[in-house]
Each structure stands twice: as structure tokens, then as C-alpha cells.
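One structure below.
Whatever order the structure lists ligands and atoms in, that order sets their numbers, starting from 1.
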Amino acid sequence: MDTHCPYCALQCRMRLEGTTVEAVDGLCVKGWTAAELLSSPDRLTTPLLYGRPATWDEALGHVAGRLAALPPEAVAVFGGGGLTNEKAYSLGKFARVALRTPNVDYNGRFCMSSAAAASLRAFGLDRGLPFPLADLRGADTVLLVGANLAETMPPVMRHLRPESLVVVDPRRTPTAEAAALHLQPAPGTDLALANGLLHLLIASGGVDETYVADRTSGFEQVRQAVAAYWPERVERITGVPVAAQREAVRLLRRSPRAYVLTARGAEQHSKGTDTVLALVNLALALGLPGRRGSGFGCVTGQGNGQGGREHGQKADQLPGYRSIRDPGARAHVAAVWGVEPDELPGPGRSAFELLDSLGEPGGPRALLLFGSNPVVSAPHAGRVASRLTGLDLLVVADFVMSETARQADVVLPVAQWAEEDGTTTNLEGRVIRRRRALTPPPGVRTDLEVIADLAARLGASGFSADPREVFAELGRAGAGGPADYAGISYDRIDAEGGVFWPCPSADGPGSPRMFLDGFATPDGRARFTVVEHRPAAEEPDEEFPLYFTTGRTLRQYQSGAQTRRIPALHVPGPYVELHPGLGFAEGDLVRVVSRRGEVVGRAVPTETIRQDTVFMPFHWPQVNAVTNPALDPVSRMPEFKVCAVRVERVAS
Ligand SMILES: Nc1nc2c(c(=O)[nH]1)N[C@H]1C(S)=C(S)[C@@H](COP(=O)(O)OP(=O)(O)OC[C@H]3O[C@@H](n4cnc5c(=O)[nH]c(N)nc54)[C@H](O)[C@@H]3O)O[C@H]1N2
Ligand SMILES: Nc1nc2c(c(=O)[nH]1)N[C@H]1C(S)=C(S)[C@@H](COP(=O)(O)OP(=O)(O)OC[C@H]3O[C@@H](n4cnc5c(=O)[nH]c(N)nc54)[C@H](O)[C@@H]3O)O[C@H]1N2
Ligand SMILES: [Mo]
């Protein structure tokens, strides 16, 4: 059976023979071992009600009874970017129609919201990569800002020619190691660096003036603003030497075909949206977006990180990537759902704000959680864990006992990727099929079955558990919106090997390359935006003298709920990458302390990191005890990538 890997947004094709994985075109070690969790002894197969095994009828009856007794605003739903399009759509509809609550958001807020906000502002539309991934192969230069693709999406590396790569990362990662040029700024200073590169580009006469005049607006103000980012000042802010700044601009200037790409290193900041906009400014001045063979893009993260942000599991969104504030969108979607537009709730709280309000006065008293493990992955996780204990009812649907499921009153055992049908939308905007290769173990239900059953118990009709039916409905609900799937069907995906959205008509083509004839803004022009450097919400000081930044390592995935259970992926952790100059030895146990919490880990001294910065992959509990939930004002993205810490030796 041909399907796709359950992990990241690359969604590599794979073939399953029983539970044996065969690669179709190259997989990383996580993909090779993905099927091991299908038959793991850790697998949940029975609903749990306050810790004891229960029947589905008991468990769902209990949940429905408790939910029905609460006012709508007292109930919240939290989803995930790993859920299929069908699940993301059903979950948003369930919140608005069956529960009538505005309180629905998802972990994508932690992932790609800053990039999405910036793309919407600059291009009028957000599709992570507005071009096929394989286009990167033809590039003369790719500026990769805050992305460690050699570990987070290894198969992408075959599309990136080393001599074309310029990597911006506070660590000399395997990706930076493979690059022609590595710029190593202090965490939280990419915005100043981007403004500085634009300053140098302008000074060297490298702006594509024809493109700027024909296809953009707002350049004059940006030209004036970046005049203040002369290279010596940028070196003082970022630590990137003037010569390296000049070299980056030289490489970009002499490249007929170039790309600027961002990922979480640039985006997970309280100024993430502005940082992405600064990089968009640079790309626009070079004339890259919307030109064949060049472009700007954000490398989306989760398995359905793209589709997960389009179908209405976001607090401010209806299906088709429409705003829940837009009266036209409300009327259209309400008609598909068979309700009155006034019955649809308005926008709700963003992910961290939602989690932080749980059990608080005026906040929700019940939470339904599908596809996320926030006890490990949310910022200031200690506070989130204690908010969960203040709830009257916590319901978690998962296939393993995650750290969050452990705190739940009701745990619902659901099917895994290889046991269900559905679609995901990969990082290039290509809608693809996830196919059922195996029957779920007895006692296990699909997420769609759980949602449909609960909706029926709450008296709401029109919730199907059949993925094909849900996909067709999703196409109708999103028709006419920016992410238009109306012309896509399962059969068409099979016939064409995936279809790129927007695809409004069954007879018309999909859209692999966007913006070639114009941007999605009202005047068809891309917008420059004036953005200024500002410090991180928390900068190092005497008490907490080091930058703390977080991210990923090759063999573990996200909160680790899945990959920590696969023996072949074992990584001894948590661990702390730090510079040998700090005086710790390999294997020392160290405590990383911030104003919010602390975590103990194994020291891994390495020359590849800046001396003022320590790094931890976040795949283990407690790492997020340390991080800062300062939010970006536009995207509400938390500042996972920078806060201030001190590091102490733990007496062994
Ligand atoms: N192995 C593995 N692969 C994954 C995942 C996983 O958990 N494990 N998760 C998937 C998901 S959901 C996502 S979102 C993607 C994420 O993919 P990436 O964005 O590539 O991953 P991260 O490691 O979070 O961050 C990338 C780099 O940002 C750097 N960084 C930290 N602070 C800054 C800064 O201020 N500026 C700059 N320029 N860089 C900084 C870090 O050193 C790190 O090397 O990966 C996907 N793939
Ligand atoms: N410090 C720090 N924290 C971070 C980040 C960082 O860089 N640094 N990155 C952030 C980012 S980019 C992300 S995406 C988040 C991710 O963090 P989480 O939202 O916690 O994501 P996962 O660990 O993938 O959690 C998914 C959970 O749902 C289960 N699951 C998987 N698929 C399904 C499904 O189809 N249905 C159901 N019901 N359950 C399913 C899994 O078993 C697992 O328990 O973490 C964020 N947290
Ligand atoms: Mo992510």
C-alpha cells in the first residue's frame, strides 16, 4: 500500500508491506522506523475513564454529559497540525456547531503562525512554499534562515546544492556545515541582520528596480528605514562580521535564480512576524517572489502543517482559510453547515492564551485535545500543566499515553496514520492521500469516528466519519476561499499524484507555482513593510547571563511522545549543547535555570555553538519549563527561540 510518512511536512512517499516500510524515494531514520509504533506494547487500545478501562459508550457518554452541562464558552478544543485535513475541518466544525464555542485553536500557533501572518501581509495569501520543492535544485543561491534541514527534513538536502547554500543559525549545524557560507548571529537578531543585508544591497546598487516598480509597493519607506542599518551597527547587534554580511549580499546579487527561506529559528520569536517581513523585504528588493526559478518561502513543519492551518481549527478562521470575522465567509460556511450565520461564534483565544486561561476565572472548564502534547511542547510548560489540573474535564485522544494524556480524566485510544484514510497538504501546498494499509487494533476508533459520535450525542447532525465524505464537504465549505480545494477529489489526487491548491474547479489545473502573474493583494502588488529591530522579550543579564535557544535533533520528533517509544531512535536526553569555554565537560549533569523554571540535562560541549548561547532540543519533558511565553503581537507565536538562563553544575 502506498502512503506517506506520519511525521514532518515533507510527507515522503512510502510503501507499506504489512508493517514493513519500503522507501519510494528516500526516507530519514524516523520514516524507516515509523511503523514500529503500530504494534508497540505502549499502544492504547481501551478508553480510560479516571484511569480505569471503560467501554466507548461509557467514556463518550460521560464526556457528552459533562459537556452538555457546561455553557459553550466553558468548553475548549485544541487540535494539531499533524491531523489530516478531514480531522482539522471536522474539529473546527465540531467546536463551532456542536459545542458552539469560540475556544478552538491548535499547536500550529506554536509552529508557523508568524510566517503565515507575514505572508498574508506581504503577498495577500499564505502558502508555505508557493512553488514545488524540486525547483530549489535550480537555484544559484538559497538563503536559509533558522532552518536545520539536514536534521529536520533530511531528504530535502538532495534538492539543495551545497555551493548554493547560505545558512543563518547561531549554531554550526549539519546544515550550516554543508553550506558555502554560514552566518552565526545571536538568537533573536535576524531582523537586524535582514535589514543590514538590504542596506548593503541598496548601497551596492543591487536592487531589481524594474521588479520593485512593476510588482511591489512601499519600497521608498523601507529604503529610508534600512539606511540606519549600516554594517558595523549590524555587526554590533548580531555578532555577524561585516565581511560575512558583504559576502552574503555578493552571493545573492550575482545569482539569477535565488530563494529566501525561513523556518522556526527566524519565526519563533516575539518579533517573528516582523523578522519574516524583513526577510520578505530583502527577497522583494532582489526581485525573487513570484518569479519562475526564484522565490520566498517558509518551510512548514508538521505532517499537515499546511493543511492544518486552512480548514478552520484556528481561533480566527473558517474553512478555506477564511476569516471568521468576514460576514460573507460566515454566510457561506453557515449554509454548508446548515446553521444560521449568527449562530457561529466569533474569534477565540490563541493557543497559549487559551491554555493559560484553562480553569481560571472566566476561562474554560473543559478541554478536548486531539494531536498535541502541550505538557511537553507548550512554552512555560509548568504553568500549562498546572492549568490543566484546574479543569473539571480533560479529554485526550491519542494512541499512546503522552505526558498530557497522563493528566486526562478521559483518554480515547485512536487509530494511527497507517490505519486510516485521509489527506494531508505538504509543505509545497500539494494535497496528497494517506491510505489505510492496516485494520486498527480492536477497541480503537478513528478521530473522525470519535468526533462524529460526540457530535451526535450532543444533538448535532451532519458529522460524517467517512473521510471521503468529509473531504467533499470540506471542498464545499472552502469553495471561493483562498485555500480552495473544491476541484480536488480523492480520485484526482490518485490520478495526478497529488494536486496543488488553490484548485477551484474539477476541470481546471491546480497551482504548483503561485504569484507568477500577480500577488493576492487587492492591487496585485507585493507589499514592503518597514520593520525595526527590537530586543527579545528577555535578554541576558547578570543573573541569567546566557541566551537559551531550543529546537530539534534528527532522531526525535516534537514532544517525543511517538519517537521516545521507538528503541531504534533512542537518544540519551535531555541534553544541553554549550560552548567548551563555559567550563563544563562531556557528560556533566547541568541545570539550566530561567526565571520560570529549570531543567537538568547532560552537557554536550561543542565548538559549533556561540559562546553566549546554550541549546536544547525540546523532545523531553521539562525543557519547556525554561522557555518564555512572550507572544508576537500579530501572530501570537511564543518566543521558543530565545530567553535568558544560567547554567549550573549539578552535584552528582
Ligand atoms: N527530526 C525532527 N524533524 C522535524 C521535527 C522534529 O521534531 N524532529 N519537527 C517538524 C516540525 S513541526 C518543524 S516546525 C520543523 C522545524 O524545523 P527547523 O526550523 O529546521 O527546526 P528547529 O531545530 O526548531 O530550528 C532550526 C534552527 O534554528 C536555530 N535557531 C535558534 N534560534 C535562532 C535564531 O534566533 N535565529 C536563527 N536564524 N536561527 C535560530 C537553531 O539553532 C536550529 O538549528 O521540523 C520538522 N521536522
Ligand atoms: N521549546 C520548544 N518548544 C516547541 C518548539 C520548539 O522549537 N522549541 N516547537 C513547537 C512546534 S514548531 C510544534 S509543531 C509543537 C509540537 O508539539 P506537540 O503539539 O506536542 O506535537 P507532537 O509531539 O507531535 O504531539 C502530538 C501528540 O498527538 C499524538 N498524535 C499524533 N497524530 C495524531 C492523530 O492523528 N490524532 C490524535 N488524536 N493524536 C495524534 C501523538 O502521539 C502526540 O502525543 O511544539 C512546539 N514546542
Ligand atoms: Mo512545528
Exercise. Non-hydrogen atoms closer than 4.0 Å to ligand 2: which protein residues do they belong to? List them by chain and number, please.
Key: L83, K87, N107, F110, C111, Q268, Q302, G371, S372, N373, S377, A397, D398, F399, V400, S402, V414, D447, T550, R552, Q558, S559, A561, Q562, F618, N624, T627, F640, K641
Exercise. Check each atom of ligand 1 against the heavy atoms of H269 and keep those under 4.0 Å away; list them by number with element.
Key: 34 (C), 35 (O)
Quiz item: Can you list the atoms of ligand 1 that are under 4.0 Å from a heavy atom of N148?
Solution: 20 (O), 26 (C), 44 (O)
Practice problem: Start with the C-alpha gap between I451 and F370, add the side-chain angles, then the distance that decides, and say whether side chain to side chain contact (heavy atoms under 4.5 Å, CB included) holds. | Solution: CA-CA 10 Å; I451 295 167; F370 289 76; 4.1 Å; yes
Quiz prompt | Under 3.5 Å: N/O of T189 near N/O of ligand 1 | solution = no
Practice problem: Quickly, which of L37, V400, V444 forms a side chain to side chain contact (heavy atoms under 4.5 Å, CB included) with R43? Name it, please. | Solution: V444
Quiz prompt | Subset of ligand 1 atoms that lie under 4.0 Å from at least one heavy atom of G146 | solution = 19 (O), 26 (C), 27 (C), 28 (O), 37 (C), 38 (N), 39 (N)
Practice problem: Consider every N or O of K30 and every N or O of ligand 1, then say whether any pair is closer than 3.5 Å. | Solution: yes
Self-check item: Any V642 heavy atom less than 4.0 Å to ligand 1
Solution: no
Quiz item: So does R264 pair up with E639, basic N to acidic O under 4.0 Å?
Solution: no
Quiz item: Any luck finding a side-chain donor-acceptor pair between E151 and T173 under 3.5 Å?
Solution: no
Quiz item: Which atoms of ligand 1 have any heavy atom of L554 under 4.0 Å away?
Solution: 1 (N)
Self-check item: Pair T446, E420: side-chain N/O donor-acceptor within cut-off below 3.5 Å
Solution: no
Quiz item: Applying the salt bridge (charged side-chain N to carboxylate O under 4.0 Å, His left out) test to D421, which of K87, R433, R436 qualifies?
Solution: R433
Exercise. Quick one: look at D190 and ligand 1, take heavy-atom pairs under 4.0 Å, and tell me if it's side chain, backbone, both or neither.
Key: side chain
Self-check item: V299, portion touching ligand 1 at heavy-atom distance under 4.0 Å
Solution: neither
Quiz item: Out of curiosity, is T553 lining ligand 1, as in a heavy atom under 4.0 Å away?
Solution: yes
Self-check item: Presence of salt bridge, R636 and D105, under 4.0 angstrom
Solution: no
Quiz item: With a cut-off of 4.0 Å, which atoms of ligand 1 are near a heavy atom of T173?
Solution: 44 (O)
Exercise. Assign the ring pair F640 / F110 to parallel, tilted or perpendicular, where the plane angle (0 to 90°) is split at 30° and 60°.
Key: perpendicular
Quiz prompt | Closest non-hydrogen atom pair between P413 and L44, with its separation | solution = CB-O, 3.4 Å
Quiz item: Do E403 and R564 sit within salt-bridge range, that is, some charged N less than 4.0 Å from a carboxylate O?
Solution: yes
Quiz item: Any ion pair linking K271 and E532 (charged N to carboxylate O, less than 4.0 Å)?
Solution: no
